[in-house]
Each structure stands twice: as structure tokens, then as C-alpha cells.
Amino acid sequence: MDLAGGIQVVSFVILAAMMIGAALGVVLFSNIVYSAFLLAGVFVSIAGLYLLLNADFVAAAQLLVYVGAINVLILFAIMLVNKQEDFVPLPNAWLRKALTGLVSLGLFALLSTMVLATPWSISTATPVENSIVIIGEHFFTDYLLPFELASVLLLMAMVGAIILARREYLPPQETSDQMPQTVLELPERPRELVSAVSEDK
């Protein structure tokens, strides 16, 4: 009895069921916050499948990048811009649902045909030891320039996001004709006035 193989099969079935169930919850839940949390469950399940394939670096990158960065960014974006609006029924909503279901079934049939028609082969090669060390060596030797360029690009994106997220008071510019400035003016008080009011209280 191959105990290790049985554990892998059971783990694969559990992770696949978790992934499919969470993916269905992402598209079926009406609350977008619940959908975002279930999307994190999909990413974690995919990371578990990577571990079953001995791809430890890809699994760690999946958790760090998708769950720790992208999913958290989605949650922050939802919580910042989510507005409470009254539900308004859309005309011909059944037609949109029918088209969505038809496209989804077509994609499912296409992917199922691809999976069944592909001649999958089981590799008998032994997994590479210390794959993270080997990938790190390649990052800092052969691919140093693209790695540093990607880090600079991510840093620029982070600084831009911080600048866009800061909502400071923009005082109107003094013009010659004293026309009121309404563009880029936020309805907030200056930080000095806010601190002075808090000290007076």
C-alpha cells in the first residue's frame, strides 16, 4: 500500500474541492466583501496544489503576492470606494444572466476538452533540492537587471498609490481676478486648523 500516494490523492481532492467551492462563492455571493475573502481561499488552495507538485517557491510566491498583496489591495479598494446604493432592477436582466451562463459553459467545455485531449505524462525525475536557493542565485546573477527593474517599477507604483491615497487640504491658489478655484479642491480643513480645534477641546 502506497501511503504517501494515498495522502497526495486525498490532499488533492480536498484542495480541489476547496478551490471549486470558493470559486463558486466568489461569483455567486451578492456581497462583494465575502467574494473577496473567498478569492483568498482560492489562492490558498492553488498554493496547496503547488506544494503537492514540489513547487515550494511558487507556492510561497502565491501566498505572498496574491493573498498578501493583491487580495488585500482588493479588500482595501472595496472598503474605500464601496457606496451604499439602493438596488435598482435592471431591464432584461435574465438575458445577461443567460449570456453569462452560456459563456461560462463554453469556457468549461473548452477547458475540459483540453484536459482530456492532452497526453499527460508522469515524470519519474527526482525533485530538485533547494529550489529556492537555485532561483535566488539566478535572480542575483543571470536575471539581476530585470529583477532590479521590476523592484523599481513596484516602488514607483507604491509611491504613486500613496500620493493618490493622501487626501490633504488643497488651499485655493491666489489669482489676479480672484476667481474661486473648484478643481482639485477637497472639502477638508487644513491640518493646522484640525490640530488647533483638538487642542482647544
Side-chain angles (χ1 to χ4, degrees), residues 8 10-88 90 96-97 100-101 103-104 107-108 111 127 130-140 143-170 184-189 191 194-195 198:
Q8 287 184 354
V10 172
S11 301
F12 174 77
V13 171
I14 293 174
L15 289 172
M18 287 175 53
M19 183 174 60
I20 294 174
L24 289 175
V26 169
V27 298
L28 294 179
F29 270 115
S30 59
N31 193 333
I32 194 171
V33 179
Y34 294 160
S35 298
F37 278 112
L38 287 174
L39 184 62
V42 174
F43 292 151
V44 172
S45 302
I46 294 174
L49 293 178
Y50 287 148
L51 285 178
L52 290 179
L53 296 174
N54 294 320
D56 46 2
F57 176 79
V58 182
Q62 174 81 14
L63 291 177
L64 290 176
V65 176
Y66 284 95
V67 180
I70 294 179
N71 200 76
V72 173
L73 179 63
I74 292 173
L75 284 173
F76 272 105
I78 291 171
M79 293 177 181
L80 286 175
V81 303
N82 191 17
K83 297 181 179 180
Q84 298 294 333
E85 297 182 359
D86 296 332
F87 176 75
V88 178
L90 297 174
R96 300 183 181 185
K97 293 181 179 179
T100 303
V103 171
S104 301
L107 289 175
F108 181 76
L111 292 174
N130 297 325
S131 60
I132 297 179
V133 176
I134 298 175
I135 293 173
E137 291 177 354
H138 283 293
F139 269 158
F140 289 99
Y143 304 101
L144 179 61
L145 183 59
F147 182 71
E148 293 298 329
L149 289 177
S151 64
V152 172
L153 180 63
L154 292 175
L155 179 61
M156 292 169 59
M158 184 178 65
V159 172
I162 292 173
I163 293 175
L164 291 176
R166 294 182 62 185
R167 291 179 54 85
E168 291 186 353
Y169 178 79
L170 298 178
L184 297 179
E185 184 177 355
L186 298 176
E188 297 182 4
R189 293 185 296 177
R191 296 182 182 273
V194 175
S195 60
S198 60

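If you're wondering where the values come from, they're calculated on a predicted model, not measured in any experiment.
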Run the numbers on Val42 and Ile46 for side chain to side chain contact (heavy atoms under 4.5 Å, CB included), then give the verdict. CA-CA 6 Å; Val42 174; Ile46 294 174; 4.0 Å; yes
Any idea which heavy atoms bring [X] and [Y] closest together, and the distance?
X: Ala22; Y: Gly41; value: CB-C, 4.3 Å
X: Asn31; Y: Val33; value: OD1-N, 3.0 Å
X: Ala59; Y: Ala47; value: CB-O, 3.5 Å

[X] [atom1] to [Y] [atom2] distance, which is reported to the nearest 0.5 Å:
X: Leu38; Y: Leu28; atom1: CG; atom2: CG; result: 10.0 Å
X: Leu39; Y: Asn71; atom1: CG; atom2: CG; result: 5.0 Å
X: Asp56; Y: Ile135; atom1: CG; atom2: CD1; result: 7.5 Å
X: Gln8; Y: Leu15; atom1: CD; atom2: CG; result: 11.5 Å

Between Leu153 and Leu149, is any pair of side-chain heavy atoms under 4.5 Å apart? no
Residue list, ring-ring contact (aromatic ring centres under 6.0 Å, His included) with Phe139, at least two apart or on another chain: Phe147
By ring-ring contact (aromatic ring centres under 6.0 Å, His included) - contacts of Phe12 (at least two apart): none
Under the side-chain contact (heavy atoms from CB on, under 4.5 Å) test, residues paired with [X] that sit two or more places apart:
X: Met156; value: Val152
X: Ser104; value: Thr100
X: Glu137; value: Val133
X: Leu144; value: Phe140, Glu148

Fit a plane to each ring of Phe29 and Tyr34, take the angle between them on a 0 to 90° scale, and name the class: parallel (under 30°), tilted (30 to 60°) or perpendicular (over 60°). perpendicular
Could you note down all residue pairs passing ring pair (Phe, Tyr, Trp, His ring centres under 6.0 Å) where residues 45-69 supplies at least one of them, sequence neighbours left out? Phe43-Tyr66
Decide yes or no on side chain to side chain contact (heavy atoms under 4.5 Å, CB included) for Gln62 and Val58, but give the supporting numbers first. CA-CA 6 Å; Gln62 174 81 14; Val58 182; 5.5 Å; no
